[in-house]
Amino acid sequence: QVQLVESGGGLVQAGGSLRLSCAASGRTFSSYAMGWFRQAPGKEREFVAAINYSGSSTIYTDSVKGRFTISRDNAKNTVYLQMNSLKPEDTGVYYCAAGNTWSAKSSTFNSWGQGTQVTVSS
């Protein structure tokens, strides 16, 4: 398994931007599909975005399409989530995940970070 550490969360006003980073340990990062999930208070964890091992393909949940961009730098063992035009409903703990299959399903990811808090004020 790969070890994951998220950073970049914080408090931002609606309409603002944040960039989340997820640094991975290990020498096989480029072989993993990567994903971002989030969990709002009192709600289940939900899929946000995923990217395949090479970065050539991405998928997003409908609510973030056109506002969020997932990317990766395999030379730096890092995956990013650029979040623009943030809304209060984007508030939650954001988790980075790694898996062997490129998917929107959390069950296909077997390594998870500890999460980073994103709070969007209205």
Side-chain angles (χ1 to χ4, degrees):
Q1 290 187 341
V2 63
Q3 305 299 316
L4 304 172
V5 179
E6 302 97 333
S7 61
L11 173 64
V12 63
Q13 289 188 334
S17 298
L18 283 174
R19 188 194 197 199
L20 305 184
S21 298
C22 174
S25 64
R27 298 163 58 183
T28 59
F29 174 76
S30 60
S31 67
Y32 287 97
M34 300 297 297
W36 286 97
F37 292 77
R38 66 187 179 189
Q39 187 167 19
K43 296 186 177 180
E44 294 187 352
R45 185 170 56 190
E46 65 172 351
F47 169 77
V48 176
I51 189 166
N52 71 340
Y53 71 98
S54 67
S56 61
S57 296
T58 58
I59 50 175
Y60 299 91
T61 191
D62 286 346
S63 64
V64 308
K65 286 180 180 178
R67 300 189 298 122
F68 290 12
T69 303
I70 188 171
S71 62
R72 67 189 297 162
D73 185 337
N74 286 343
K76 295 182 178 180
N77 282 12
T78 303
V79 63
Y80 305 97
L81 185 68
Q82 177 67 44
M83 305 186 294
N84 298 329
S85 302
L86 282 161
K87 304 175 181 180
E89 52 263 43
D90 295 317
T91 294
V93 178
Y94 282 69
Y95 298 91
C96 171
N100 296 318
T101 303
W102 181 54
S103 167
K105 297 180 179 180
S106 61
S107 59
T108 63
F109 293 88
N110 47 33
S111 295
W112 294 82
Q114 82 289 349
T116 186
Q117 177 70 45
V118 171
T119 303
V120 184
S121 63
S122 58

- Message: Could you check whether any side-chain N or O of E6 sits under 3.5 Å from a backbone N or O of Q114, counting only pairs where one atom can act as donor and the other as acceptor?
- Response: yes
- Message: Using a 3.5 Å distance criterion without hydrogens, assess whether the side chain of N52 forms a donor-acceptor pair with backbone atoms of W102.
- Response: no
- Item | Nearest-0.5 Å distance that lies between atom SG in C22 and atom CG in N77 | 10.0 Å
- Task: Could you pull out the closest heavy-atom pair between N74 and Y53, with the gap in Å?
- Result: ND2-O, 3.1 Å
- Message: Between T78 and K76 (side chain of the first, backbone of the second, donor and acceptor by atom type, cut-off under 3.5 Å), is there such a pair?
- Response: yes
- Take D90 and R38, measure what side-chain contact (heavy atoms from CB on, under 4.5 Å) needs, and give me the verdict at the end. CA-CA 9 Å; D90 295 317; R38 66 187 179 189; 2.9 Å; yes
- Show which residues join Y80 in its hydrophobic cluster (side-chain heavy-atom contacts under 4.5 Å, direct or indirect), or state none. none
- Answer yes or no: does atom CD of Q117 have more than 12 heavy-atom neighbours from other residues, nucleotides or ligands under 6.0 Å? yes
- Message: If I take atom CG from residue L81 and atom OG from residue S71, how far apart are they, to the nearest 0.5 angstrom?
- Response: 8.5 Å
- Query: Considering all heavy atoms of both residues, which atom of V118 and which atom of G9 are nearest to each other, and what is their separation?
  - Reply: CG2-CA, 4.2 Å
- Query: How many angstroms lie between CZ in R19 and OG in S17, if you round to the nearest 0.5 Å?
  - Reply: 12.0 Å
- Item | salt_bridge(D62, K65) N-O dist < 4.0 Å | yes
- Message: Using side-chain heavy atoms (C-beta onward) and a distance below 4.5 Å, is R67 in contact with Y60?
- Response: no
- Query: Hey, are the side chains of T28 and V2 touching, using non-hydrogen atoms and a 4.5 Å cut-off?
  - Reply: no
- For E89, the salt bridge (Lys or Arg N to Asp or Glu O under 4.0 Å) test, sequence neighbours excluded, returns none
- Task: Indicate yes or no for a side-chain donor-acceptor contact from T101 to the backbone of S103 under 3.5 Å, with no hydrogens or angles considered.
- Result: no
- Counting distance only, does the side-chain N/O of S25 pair as donor-acceptor with the main-chain N or O of Q3 below 3.5 Å? yes
- With F37, which of F109, Y95, Y94 fulfils ring-ring contact (aromatic ring centres under 6.0 Å, His included)? F109
- Query: Quick one: are W36 and M83 in side-chain contact, heavy atoms under 4.5 Å?
  - Reply: no
- Message: For the backbone of T69 and the side chain of N84, can you confirm whether one donor and one acceptor N or O come within less than 3.5 Å of each other?
- Response: no
